[in-house]
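Remarks on the structure that follows.
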Protein chains: 2
Amino acid sequence: MLEGKVEVMSLRHAVLGLLADRPASGYDLMKLFDTSLANVWAATQSQVYGELGKLSDAGLVTVTAEGPRGRKEYAITEAGEAELRQWLTGTPPTPARRSDSLLRVFFLGRLTRLEAVTYLESEASRAAARRSALQELEGAVDWDEGPLSVYGRIVLEYGMRQSVMHEEWARWAAEQVGSADTP
Amino acid sequence: MLEGKVEVMSLRHAVLGLLADRPASGYDLMKLFDTSLANVWAATQSQVYGELGKLSDAGLVTVTAEGPRGRKEYAITEAGEAELRQWLTGTPPTPARRSDSLLRVFFLGRLTRLEAVTYLESEASRAAARRSALQELEGAVDWDEGPLSVYGRIVLEYGMRQSVMHEEWARWAAEQVGSADTP
DNA sequence: CGTTGACGTGTCAATGTTGGAAGGTAAAGT
DNA sequence: ACTTTACCTTCCAACATTGACACGTCAACG
């Protein structure tokens, strides 16, 4: 019995999505991964170049120009657009299944109460710092260009709400732990 | 120049953390991964048994009993406890670097406005459903036993706040998209 | 002219992860 | 007695991911 694979392969779709906006080289894409997508989907150089090769083999992208230093500019094909749409509309998102931070919290009972409170408070600080960083980013970006900017801003808003929530939760948790009955 | 590796290896610490509470077999651990840790850290059978082997080789756990069907019960050793503590107190948590959901949102500009709104509203529904599930879980668990329960509840609270935030954000985003100037 | 820095692509080994198959034992129900 | 269900471990191929390393070019500067 043959079954079609139910792969997620989001790296593939991240590359397709970026190329759907405009053609780019692997180098260009890396810059986008390190800036626009930094808080959404991380990728390394090896992955990006590797994925471009695979996408090219699969006919989802093509080389549209070759520049000075062996630069290859890729563009999405119709098949690629179709794949991207299919992913966006037809594939259910997979919820995050792992969290380093929460795993630690789960085991905080192995530490003394003071240590646990300290940990939770540093979580709160990290969340606050993250929020500042995002706010700074918001000021630094030109929000009036490209189709990515509309949704980019919505994604940024998520990050900000997330960090606010995270900080409040961590402070609440620290209080819970600090003021319990049994030491 | 030799440098110590800066590995995260949270699966290892998830296993250690569970064994720190009480000894267990690989099978027992799997059940815990599928229940207590389901929303925090997913692991497959292969991983758990493989990790137990490595931990055993490294002296962080030992076999304390052998039961009926080749069952091996593992317990954490002092070295294991030390490693767990070190991870909890001395290793900075690594923030989540990837989100399937957010990546989609980032590329929602490839769809029509209606499709985008539909997507965002289904995100809201999913978040609401998740919240219900967590609330049900809260009712089903005995919160008065073991050192895990205190922090387990705190982790659960995180999940609930997270899903509330997620739902509100998705509804807000749908509204933003639905009521913009340019169609 | 020589150096530096940004541009640009490609490959590799080690490790993590997935999903399943294979192989077997004990207990409980019929 | 028989069968189902739960228990329990081990192995593996395929794929994803990381973090380097290797190679080479163009432009600008002093």
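So you know, we letter chains A, B, ... as the sequences are listed, proteins then strands, and number each from 1.
With rounding to whole Å, A:Arg71 atom CZ is found 13 Å from C:dA6 atom C1'. If you take CE of B:Met30 and P of C:dG19, they are 12 Å apart, rounded to a whole angstrom. Atoms CG (A:Leu55) and P (C:dG10) sit 13 Å apart, rounded to a whole Å. The CZ atom of A:Arg97 sits 10 Å away from the C1' atom of C:dT18 (whole-angstrom rounding). One interatomic measurement links the two molecules: CZ of A:Arg12 to P of D:dT17, which rounds to 12 Å at whole-angstrom precision. Between the C1' atom of C:dT17 and the CZ atom of B:Phe33 lies a distance of 13 Å, rounded to the nearest Å. Between the CG atom of B:Asp34 and the P atom of D:dC7 there is a distance of 12 Å, rounded to whole Å. Between the C1' atom of D:dA14 and the NZ atom of A:Lys54 lies a distance of 12 Å, rounded to the nearest Å.
If you find the closest nucleotide of DNA chain D to B:Glu73 and to A:Trp41, the one lying nearer the 5' end belongs to B:Glu73. For A:Gln45 and B:Gln45, each mapped to the nucleotide of DNA chain C holding its nearest heavy atom, the one lying further toward the 5' end belongs to A:Gln45. The residue among A:Ala43 and B:Gly26 whose nearest nucleotide of DNA chain D lies closer to the 5′ end is B:Gly26.
A:Ser101 OG to A:Glu123 CD: the interatomic distance, rounded to the nearest 0.5 Å, is 4.0 Å. Put simply, CZ on B:Arg171 and CD on B:Glu168 are 10.0 Å apart, with the number rounded to the nearest 0.5 Å.
When the side-chain nitrogen and oxygen atoms of A:Tyr49 are compared with OP1 and OP2 of C:dG10, none of them lie within a distance under 4.0 Å. Taking 4.0 angstrom as the limit, B:Lys31 places none of its side-chain polar atoms (N or O) nearer than this to OP1 or OP2 of D:dA6. Residue A:Arg98 has a polar side-chain atom (N or O) positioned under 4.0 Å from OP1 or OP2 of C:dT18. Considering only side-chain N and O atoms, A:Arg69 lies nowhere under 4.0 angstrom from the phosphate OP1 or OP2 of D:dC26.
Nearest nucleotide to the side chain of A:Gln47, out of D:dG19, D:dC8, D:dT17: D:dT17.
Among the atoms of the strands shown, only primed sugar atoms or phosphate atoms (P, OP1, OP2) are found under 4.0 Å from some heavy atom of B:Ser25.
The cationic group of B:Arg161 lies under 6.0 Å from the six-membered ring centre of A:Trp172 and within 45° of the ring axis, placing it in a cation-pi geometry.
A donor-acceptor contact under 3.5 Å links the side chain of B:Ser46 to the base of C:dG19.
Ring-plane geometry between A:Trp169 and B:Tyr158 is classed as perpendicular, the angle between the planes exceeding 60 degrees on a 0 to 90 degree scale with a lower cut at 30.
Tracing side-chain contacts under 4.5 Å through hydrophobic residues (I, L, V, M, F, W, Y), one reaches B:Val15 starting from B:Met30; they form part of the same cluster.
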